[in-house]
Amino acid sequence: MKIQEDQSLQLLMPANETTVAIGDKISVTDNLNLFFGAPAQVKDHFPLQLSARSMFIVMKGEVSFRVNLRDCVAGDGTCAVFSPGTIVEQVDVAPDAQLIYLCYAFENLSLASGIFHLTPGQVELLKNCYAMLRDIMTDSTFAAIREDAACKCVELMETIVKGSDQRQETSEKKSRQDEIVARFLQCVQKNYREFRDLGFYAEQLGLSLKYMSRVVFEQTGRHPSKWIKDYVILDAKAMFRSGQYSVQQVADALHFPNQSFFGKYFKEAVGVSPKKWR
């Protein structure tokens, strides 16, 4: 797997000597010693589909995201992790926010997506690990072992974040309805490109179609079919925005029977044809 720079949240960070990279596997940047000031043109890149795993560590301030149709906020001492394929619609960064950002594609690392609340001790450990990672990436004496050493350093950072996640899971109790919605959305995120029939999702969850639809609507205010359609349309927009796909290629990637059928589906949801939206 390779990192595609035009499909990374690194677009939001200062583009200068603070950004360093190793081949195709990892890039890191921060604004710890700089005034943030995101470039005005970054909005042109949304929606954005991430090509690799991304980790935002918020040292100070607040960052809000809209990812995979869900809103989330990361404040002081939190870590936001996004898996490859995550679709980001927007990112709003407080003017005084101080951030550390990693984008990496090491195949043996697979930290789950989410917002992780860190203790002050964990924040300090992550900051120290990041400083070590930057040294590994910039010091020529590490050239022969650079990628392997960087991978181990990121693995340690993931382990620290996982420790925070385990404490959250033991302290938070979810209702059965919350669990159904979470399972439904996870199933949709995994399968929407191939399956748009509600019966498929009800079967995967082991629920009746009527019960699943009622719970999802009551808990989210949206019908399950709307969730599925929004995932499909958001993915299509992200592919169009990247500039790498034709209408036919997007239709094929989303498993539509033909370009015409996809065009009607897209126009019904967006109001204009795929060609006009592009």
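- Residues Val67 and Cys72 meet the side-chain proximity criterion, which asks for heavy atoms closer than 4.5 Å.
- Judged by the 6.0 Å and 45° rule, Lys229 forms a cation-pi pair with Tyr265.
- Between the CD1 atom of Ile87 and the CG atom of Asn68 there is a distance of 6.0 Å, given to the nearest 0.5 Å.
- Among all heavy-atom pairs drawn from Ile136 and Arg146, the shortest one is O-NE, 3.0 Å.
- Residues Asp71 and Arg66 are paired through a salt bridge, judged by an N-O separation under 4.0 Å between the basic side chain and the carboxylate.
- Checking side-chain atoms of Ser242 against main-chain N and O of Met239 turns up a donor-acceptor pair under 3.5 Å.
- In this structure, Val250 and Ser246 have side chains that are not in contact, with every pair of non-hydrogen atoms separated by 4.5 Å or more.
- A distance of 12.5 Å separates CG of Leu48 from CD of Gln90, quoted to the nearest 0.5 Å.
- Under the side chain to side chain contact (heavy atoms under 4.5 Å, CB included) rule, Met59 has a single partner from Asp30, Leu32, Leu126, which is Leu32.
- Between Gln219 and Asp178, the side chains place a donor N or O and an acceptor N or O closer than 3.5 Å (distance only, hydrogens not considered).
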List the steps and the verdict of side chain to side chain contact (heavy atoms under 4.5 Å, CB included) for Phe56 and Leu99. CA-CA 7 Å; Phe56 254 124; Leu99 309 173; 3.7 Å; yes
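- When atom types are taken as modelled, the side chain of Asn31 and the backbone of Gln98 share no donor-acceptor pair closer than 3.5 angstrom.
- You'll find the side chain of Leu156 stays beyond 4.5 Å of the side chain of Leu125, heavy atoms only.
- Residue Gln249 comes nearest to Gln244 through the heavy atom pair OE1-O, 3.7 Å, listed as atom of the first residue, atom of the second, then distance.
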Side chain to side chain contact (heavy atoms under 4.5 Å, CB included) evaluation trace for Val93 with Glu62: CA-CA 6 Å; Val93 181; Glu62 185 175 280; over 6 Å; no
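- Within the 4.5 Å cutoff, no side-chain heavy atoms of Thr86 are placed close to those of Gln49.
- Minimum heavy-atom separation, Gln204 to Arg183: O-NH2, 4.3 Å.
- Listed here is the closest heavy atom pair of Val81 and Ala112: CG1-O, 3.6 Å.
- Nearest heavy atom pair, residue Leu118 against residue Thr78, reads CD1-C, 4.1 Å.
- There is no path of hydrophobic side-chain contacts, each under 4.5 Å, that joins Ile145 to Val154.
- Residues Tyr211 and Ile180 form a side-chain contact, since some pair of their non-hydrogen atoms from C-beta on lies under 4.5 Å apart.
- Rounded to the nearest 0.5 Å, atoms NZ (Lys264) and NZ (Lys267) are 10.5 Å apart.
- Side-chain rings of Phe82 and Phe65 approach one another, their centers coming within less than 6.0 Å.
- The OG atom of Ser54 sits 9.0 Å away from atom CG of Leu102, with the distance rounded to the nearest 0.5 Å.
- Put simply, the side chain of Asn191 gets close to the backbone of Cys187: a donor and an acceptor are under 3.5 Å apart.
- By the rule that hydrophobic residues join a cluster once side-chain heavy atoms approach within less than 4.5 Å of another member, Phe142 and Leu133 end up as members of separate clusters.
- A 4.5 Å side-chain heavy-atom check between Val161 and Gln122 finds every atom pair outside the cut-off.
- Ring-plane geometry between Phe240 and Phe262 is classed as tilted, the angle between the planes lying from 30 to 60 degrees on a 0 to 90 degree scale.
- The SG atom of Cys153 sits 11.5 Å away from atom CD of Glu158, with the distance rounded to the nearest 0.5 Å.
- Here the CE-CD1 distance, from Met55 to Ile100, works out to 10.0 Å after rounding to the nearest 0.5 Å.
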Side chain to side chain contact (heavy atoms under 4.5 Å, CB included), that's the test. Do Leu69 and Leu234 meet it? Break it down for me. CA-CA 8 Å; Leu69 301 172; Leu234 187 59; 3.8 Å; yes
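- A single hydrophobic cluster is not seen to contain both Phe217 and Phe200; linkage of ILVMFWY side chains at heavy-atom distances under 4.5 Å, directly or through other members, places them apart.
- Proximity of a side-chain donor or acceptor of Tyr104 to a complementary backbone N or O of Leu109 within less than 3.5 Å is not detected.
- What you find for Arg53 and Leu111 is that their closest heavy atoms are NH1-O, 2.7 Å.
- Residues Arg196 and Tyr201 form no side-chain contact, since every pair of their non-hydrogen atoms from C-beta on lies 4.5 Å or further apart.
- When hydrophobic clusters are built by joining Ile, Leu, Val, Met, Phe, Trp and Tyr residues whose side-chain heavy atoms come closer than 4.5 Å, directly or via intermediates, Phe261 is grouped together with Val232.
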Does Cys129 form a side chain to side chain contact (heavy atoms under 4.5 Å, CB included) with Ile160? I'd like the steps, not just the answer. CA-CA 10 Å; Cys129 286; Ile160 294 168; 3.9 Å; yes
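- Taking the ring-ring contact (aromatic ring centres under 6.0 Å, His included) definition, one finds that Tyr192 meets it with Tyr231, sequence neighbours left out.
- In Gln248, the CD atom is crowded: over 12 heavy atoms of neighbouring residues, nucleotides or ligands sit closer than 6.0 Å.
- Judged by distance alone, with hydrogens and angles left aside, the side-chain atoms of Ser113 form a donor-acceptor pair with the main-chain N or O of Ser83 at under 3.5 Å.
- Hydrophobic clustering (side-chain heavy atoms under 4.5 Å, transitive across Ile, Leu, Val, Met, Phe, Trp, Tyr) keeps Ile57 apart from Met132.
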